[in-house]
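Beneath this line is the structure, given in structure tokens, with notes to follow.
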There are 2 protein chains.
Amino acid sequence: MKNARILLVDDEPDVLDFLSYNLRKEGSEVFTALDGKSAIKKAIEVLPNLIVLDIMMPGMDGIEACRRMRELPETKNTLIVFLTARTEDYSQIAGFEAGADDYLSKPLNPRVLISRLNALLRRRPTHTGAMNIVNVGNGISINNDNYSITVGGEQIYLPKKEFEIITLLTSKPGKVFRREDILHEIWGKDVVVGDRTIDVHIRKLRQKLGDDRIKTFKGIGYKFEF
Amino acid sequence: MKNARILLVDDEPDVLDFLSYNLRKEGSEVFTALDGKSAIKKAIEVLPNLIVLDIMMPGMDGIEACRRMRELPETKNTLIVFLTARTEDYSQIAGFEAGADDYLSKPLNPRVLISRLNALLRRRPTHTGAMNIVNVGNGISINNDNYSITVGGEQIYLPKKEFEIITLLTSKPGKVFRREDILHEIWGKDVVVGDRTIDVHIRKLRQKLGDDRIKTFKGIGYKFEF
DNA sequence: TTGGGGGCTTAACAAATACTTAACGTATAT
DNA sequence: ATATACGTTAAGTATTTGTTAAGCCCCCAA
């Protein structure tokens, strides 16, 4: 839950306060909005990792807001969780069909809320295009905006090539990427770099990340793991 | 929901029938198990996309089964949804901490179930989800993203040639591959290696897989069997 | 213009490891 | 029994990767 950016949307300030308090206590960065329209504006502005959206709101309701956010490139892949006062089957159906990722009903036990949001966030590791900060687990996160990674709290700015390589490798932790695939992905189809170029970049990454993060598979390629 | 492989686990056959019926109607391929232990076996065998797991079961319960499956390479990233008779906060907490992805409570409206599972399956990003794992039966699976095999829960990384050979042999379990065919497949048409080269690789594989998995056919070649 | 710095690549050599071979042992079929 | 094919082991060879330092290129500032 640390580093998560969460946007809360509800028309009751009391609910916002209650949820904000509990989520901030867990280390999340919390933003709020009071109705659907301002939620969309806010979401585009702050690019949250997760949006908690009340269904019943004056003006634009949650369902409609969700539907619209699913159209926008900035929020197309953002996790959206609905919130409602009662568990009604049709509103659940409508919510999921509008593109929701989960559904919570009030009154909320804060521990349940937090566990549930955690489970959602845990499942969403890699870049979905619009998302800026990607947590790849174990204290390592990647910031696509400024070409930096964070390792154990320390932020390290990486040169472009190194950043591209680590982004590729962490896009699927545990997978072995073949050298030739890395060449294609990073340098393009018609490769014109020497044999040792990748190795040098890998070496520099290892110096910055620690030696045990990137593992060599001789004759094949490299993989990233925690 | 089409093409989804779903494993249902519950100790009540009635529940299994009810859920199976509804999920199959949506085009899913459904497998079932009656308790935690057989669920794990089944999961390793069929490698489902999603597992619906009852919490209260005789023998190994759902929480424990989930926890164990999160340890196994075959099921580490599989979606797991818990099912329980009542909504109790701590069992939800325990469930999520065991690595669950969602939580449903009985009695289940089938439309809600389907919407919810759909939401889970839909948001699984292709590049971050499960590994490309092939189960070849009897506790042996091959991870193509990893150049590794799993034998009885233990993950073994193989050198390239060995991995290529075992991949070839397991591509058709039971079939006898002639030596010369193996040579052509792995080394190519015009590469000429000595007579004993294959034997050495086979030996190393046998050391890692167990002696009884690869059988020799004198004068012909080798075959893989369970 | 010139000099410096950072990033990227290359080259040369060292190190690691996968692959192959050779030599000999064992099993099997005719 | 003997020839033939396969098994086993250890040692050799080839290939791949690690490491380091140096060179180049581009951009920016003096």
Side-chain angles (χ1 to χ4, degrees), chain A residues 142-144 146-149 155-169 176-225, chain B residues 146-149 156-169 176-225:
Chain A
I142 295 187
N143 190 331
N144 288 292
N146 59 9
Y147 284 58
S148 75
I149 59 176
Q155 191 174 24
I156 304 168
Y157 288 89
L158 293 178
K160 186 153 169 259
K161 278 278 183 301
E162 286 170 42
F163 185 80
E164 286 174 345
I165 290 173
I166 197 62
T167 300
L168 176 61
L169 293 182
V176 178
F177 290 85
R178 299 184 308 157
R179 273 170 162 267
E180 62 175 300
D181 291 342
I182 298 175
L183 281 172
H184 277 173
E185 289 283 343
I186 311 289
W187 279 269
K189 304 287 176 195
D190 17 69
V191 188
V192 282
V193 289
D195 256 1
R196 300 273 63 70
T197 303
I198 290 184
D199 310 46
V200 175
H201 288 302
I202 292 287
R203 163 148 175 70
K204 298 199 162 167
L205 281 169
R206 293 216 254 237
Q207 285 177 333
K208 289 163 186 169
L209 295 177
D211 272 356
D212 46 352
R213 253 48 185 271
I214 299 170
K215 202 181 160 200
T216 302
F217 282 68
K218 238 186 145 153
I220 306 164
Y222 298 93
K223 87 168 184 191
F224 173 88
E225 66 186 352
Chain B
N146 235 356
Y147 288 78
S148 76
I149 57 176
I156 303 167
Y157 290 93
L158 295 178
K160 194 168 168 220
K161 277 276 183 308
E162 284 170 43
F163 187 80
E164 286 173 347
I165 291 173
I166 196 62
T167 299
L168 176 62
L169 293 182
V176 179
F177 289 85
R178 298 186 308 157
R179 284 177 150 258
E180 61 174 301
D181 291 342
I182 298 175
L183 279 171
H184 277 174
E185 288 283 343
I186 311 290
W187 278 267
K189 304 284 178 194
D190 38 58
V191 177
V192 68
V193 287
D195 254 4
R196 300 274 63 69
T197 302
I198 290 184
D199 309 47
V200 175
H201 287 301
I202 293 287
R203 159 141 180 74
K204 296 200 164 167
L205 281 169
R206 281 176 173 154
Q207 285 178 331
K208 289 163 185 169
L209 295 177
D211 273 355
D212 46 352
R213 255 48 188 268
I214 299 170
K215 201 180 161 197
T216 303
F217 283 72
K218 245 187 129 124
I220 307 167
Y222 299 93
K223 87 168 184 192
F224 174 88
E225 65 186 354

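Since the structure is predicted, the reported quantities are computational estimates derived from the model, not experimental observations. Letters go in sequence order (proteins before strands), and every chain restarts at 1.
Following rounding to the nearest Å, A/Glu164 (CD) and C/dG7 (P) show an atom-to-atom distance of 14 Å. Distance, B/Ile202 CD1 to D/dT9 P: 16 Å, rounded to whole Å. The distance from atom OH of A/Tyr157 to atom P of C/dG7 is 13 Å, rounded to the nearest whole Å. In this structure, B/Asp199 atom CG and D/dA10 atom P are separated by 17 Å, rounded to whole Å. Summarising the geometry, the separation between CG on A/Leu205 and P on D/dG18 is reported as 12 Å, rounded to the nearest angstrom. The interatomic distance linking B/Arg203 (CZ) with C/dG25 (P) rounds to 16 Å, in whole Å. Atom CG of A/Leu183 is separated from atom P of D/dT17 by 11 Å (rounded to the nearest Å). One interatomic measurement links the two molecules: CG of B/Asp211 to P of C/dA27, which rounds to 14 Å at whole-angstrom precision.
Put simply, the side chain of A/Ile214 reaches to within 4.5 Å of the side chain of A/Ile166, judged on heavy atoms. Residues B/Ile202 and B/Arg206 have side chains in contact (heavy-atom distance under 4.5 Å, counting atoms from C-beta outward).
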Problem set entry | Protein-to-nucleotide contact annotation, 5' to 3' order, nucleotides 9-19 of chain C [B base; S sugar-phosphate only; - none; under 4.0 Å, heavy atom] | BB-B---BBSS
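Separation of atoms CD1 (A/Ile220) and CG (B/Asn146) is listed at 10.0 Å; rounding is to 0.5 Å. Atom CG in B/Leu169 sits 8.5 Å away from atom CZ in B/Phe224 (nearest 0.5 Å).
Contact between the side-chain N/O atoms of B/Thr216 and the OP1/OP2 oxygens of D/dA5 is not found at any separation under 4.0 Å.
Using a 4.0 Å heavy-atom cutoff across all strands shown, B/Phe163 reaches no nucleic acid atom at all. Here B/Tyr222 lies in heavy-atom contact (under 4.0 Å) with sugar-phosphate atoms only.
If you check the side chains of B/Tyr157 and A/Lys215, you find no donor sitting under 3.5 Å from an acceptor.
Between B/Tyr147 and A/Phe217, a ring centre-to-centre spacing not shorter than 6.0 Å is recorded.
Listed by first then second residue, pairs satisfying side chain to side chain donor-acceptor pair (under 3.5 Å) with a partner in residues 184-197 of chain B read B/Arg196-B/Asp199, not counting sequence neighbours.
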